[in-house]
Amino acid sequence: IIFFGMMVCLAIGSQTGMFMAYFEGILEKLGHFKYDAGKRNLFLIYSILLSIICALPMVTSAGSQWVSLYNDSLCCFSIFIFAFLEIICISWYYGIDKMILDIEKMIGGRLPFRQFWKITWKYLTFGMTIFLIGAQFKYYGSQKWLISKDWPLGMNLFGWGFIQATQIAPLFYFVYKNRGDRKSTR
């Protein structure tokens, strides 16, 4: 009983942290909710209800298949793609030397094994991420680009839709937010 109580507390703590990160992020973008307690609480209630409604399929008899769909389609491939883009942005666009200086400022001293971290972050991590993306391509290629051979074609397409949505939605958001920021080249 103690073990299951601990698991429930751990799950509630994890879900609360994830939900509040989403909720506070929305409040940052929609600043008018921030200072009006009534609207903020109403938005919180609607967000919780939406989360409960979206979680209902997970507790049905097909719930394990839904969890498997999320796990198989969202976890590996899109995380590797985002990691690859993050490595490029930090190592080459922002600059690994600036990142090391930022870390040294945070820890209040010189970073030990500076060259080791520089090589690891810039080259080794980059190479491992490319290897993992290649392994995912090989895996999906051997599966004939099906996420699971046990699922019907519609569910496989639905899973690939999830993968594309997680990668394309941030791109559309970036283009939308920066569409008027181009400087004239004349």
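Source: prediction; values computed, not measured.
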I want to check something: taking the side chain as every heavy atom from C-beta on, are Ile90 and Glu86 in contact at a cut-off of under 4.5 Å?
yes
Hey, quick one: are Met128 and Ile133 part of the same hydrophobic cluster, counting side-chain heavy atoms closer than 4.5 Å, chains of contacts allowed?
no
Could you walk me through whether Lys118 and Asp97 pass side-chain contact (heavy atoms from CB on, under 4.5 Å), step by step?
CA-CA 8 Å; Lys118 195 174 192 178; Asp97 294 324; 2.8 Å; yes
Please round to the nearest 0.5 Å and tell me the distance separating atom CD1 of Ile103 and atom CZ of Arg110.
13.0 Å
Is there a donor in the side chain of Tyr94 and an acceptor in the side chain of Asp102, or the other way round, less than 3.5 Å apart?
yes
List, by chain and number, the other hydrophobic cluster members for Phe3, where Ile, Leu, Val, Met, Phe, Trp and Tyr join if side-chain heavy atoms come within less than 4.5 Å, directly or indirectly.
Phe4, Met6, Met7
Whether Trp92 and Phe126 hold their rings parallel, tilted or perpendicular, with breakpoints at 30° and 60°:
perpendicular
Check the pair Glu24, Arg40 against salt bridge (Lys or Arg N to Asp or Glu O under 4.0 Å), reporting the backbone distance first and the verdict last.
CA-CA 10 Å; Glu24 293 295 329; Arg40 180 186 168 117; 3.2 Å; yes
To the nearest 0.5 Å, what is the distance between OH (Tyr46) and OG (Ser51)?
14.5 Å
Just how far is it from atom CD1 of Ile2 to atom SG of Cys9, taken to the nearest 0.5 Å?
11.5 Å
Do Trp121 and Ile87 have side chains that approach each other closer than 4.5 Å (heavy atoms only, starting at C-beta)?
no
In the single-linkage hydrophobic clustering (I, L, V, M, F, W, Y; side-chain heavy atoms under 4.5 Å), do Phe116 and Ile100 co-cluster?
yes
For the pair Phe23 and Phe19, name the ring-plane relationship: parallel under 30°, tilted 30 to 60°, perpendicular over 60°.
parallel
Joint cluster assignment, Met20 & Phe43, ILVMFWY side-chain distance < 4.5 Å:
yes
Linking I/L/V/M/F/W/Y whenever their side-chain heavy atoms sit closer than 4.5 Å, directly or via other members, would Leu42 and Ile48 fall into one cluster?
no
Rounded to the nearest 0.5 Å, what separation is found between the OG1 atom of Thr125 and the CD1 atom of Ile130?
11.0 Å
Report the C-alpha distance between Tyr93 and Ile88 in whole Å, list the side-chain angles of each, state the deciding distance to 0.1 Å, and finish with yes or no for side-chain contact (heavy atoms from CB on, under 4.5 Å).
CA-CA 7 Å; Tyr93 183 73; Ile88 289 174; 5.7 Å; no
Are the side chain of Glu104 and the backbone of Leu111 linked by a donor-acceptor contact shorter than 3.5 Å?
yes
Joint hydrophobic cluster, Ile52 plus Ile26, side-chain heavy atoms closer than 4.5 Å:
yes
To the nearest 0.5 angstrom, please state how far the OG1 atom of Thr120 sits from the CD atom of Gln115.
10.5 Å
Set out, in order, the CA-CA distance, both residues' side-chain angles and the distance that settles side-chain contact (heavy atoms from CB on, under 4.5 Å) for Trp117 and Ile96, then state yes or no.
CA-CA 9 Å; Trp117 291 115; Ile96 197 73; over 6 Å; no
